[in-house]
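These values consider heavy atoms only, across backbone and side chains, with no hydrogens, waters or symmetry-generated copies.
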Amino acid sequence: MSDQITIVDEQIELWPLDKIIPYEKNAKIHDEEKVAALAEKIKKNGFQDPIKIDENGVIIGGHCRRLAAIKAGLKQVRVLVLRGLTEEQKQELRIFDNKIAARGSYDEDLLNAQILELTQANISLSDLGFSETEADAWMKTFGNLDTNLKLDETPAESTAEPEKELAKTPTIDEIKARDKEYKPIYQIVVMCKDEDDQRAVYERITQDGYECRVQTI
């Protein structure tokens, strides 16, 4: 942004909505879904972010907030009045605000973990600024969320029975305690060079009275 911009005076004031004038050449497009989501947020938490206007009431930043405030039924909102700017400086601020808002990225793992924590605390995805399409897509990504949830619903407690733990392999002592007739089997594996060596070892072991089983791997 230009170093030449100097805000002579700025002040937060309470203005009637009908006195706030949209900038006629505003290039930013706000879809109805986004406006509706912000309106619901305003109804729940109040109007927190002032609209930036010049001394004549023309919006410098906050067209979407104005539309959402109207949809939420507000009659007046807080505004930040920026006085003493030239038309070029106002335009520069408008474009800068729109462009800078579109920049940036997220640590997706960290973000999704925080969103999941909030949904488990009964915060709906619409309260986090998700559109219905975005909410559906997000919920389908996470297997532990019910993909049939509506936008303003929160995950219900699961009625499914908890998964049973896999059976553990019993120890020798556990087997002995359970089966008094338990008889241990002791084995030894002999590695042979080839089939002839295997046959010779087998004959020698069986001649000595041991039970032997031939196996080729």
same_hphob_cluster(Leu80, Leu93) at 4.5 Å side-chain heavy-atom cutoff: yes

Gap separating the NZ atom of Lys71 from the CG atom of Leu38, nearest 0.5 angstrom: 11.5 Å

Shortest non-hydrogen contact between Val81 and Glu55, atoms and distance: CG1-CA, 4.0 Å

Approximate separation, where rounding is to 0.5 Å, of Glu92 CD and Thr86 OG1: 8.5 Å

Short side-chain to backbone donor-acceptor contact, Asp54 and Asn56, under 3.5 Å: yes

pair Lys28-Arg94: side-chain heavy atoms closer than 4.5 Å: no

Linked, directly or transitively: Leu74 and Val79 (ILVMFWY side chains, under 4.5 Å): yes

Inter-residue atom distance Asp196.CG - Arg199.CZ, 0.5 Å rounding: 5.5 Å

Heavy-atom closest pair, residues Ala72 and Ala39: CB-O, 3.8 Å

Sequence neighbours left out, cut at 3.5 Å: what donor-acceptor pairs do the side chains of residues 14-23 make with other protein atoms?
unit_1, atom_1, unit_2, atom_2, d
Trp15, NE1, Glu13, OE1, 2.7
Tyr23, OH, Gln91, OE1, 3.3

Ile42 side, atom CD1; Arg65 side, atom CZ - distance, nearest 0.5 Å: 9.0 Å

Inter-residue atom distance Ile59.CD1 - Asn26.CG, 0.5 Å rounding: 8.0 Å

Steps toward side-chain contact (heavy atoms from CB on, under 4.5 Å) verdict (Gln11, Arg83): CA-CA 9 Å; Gln11 184 175 351; Arg83 297 179 172 87; 4.2 Å; yes

Student check: side-chain heavy atoms of Pro50 and Val77 closer than 4.5 Å: no

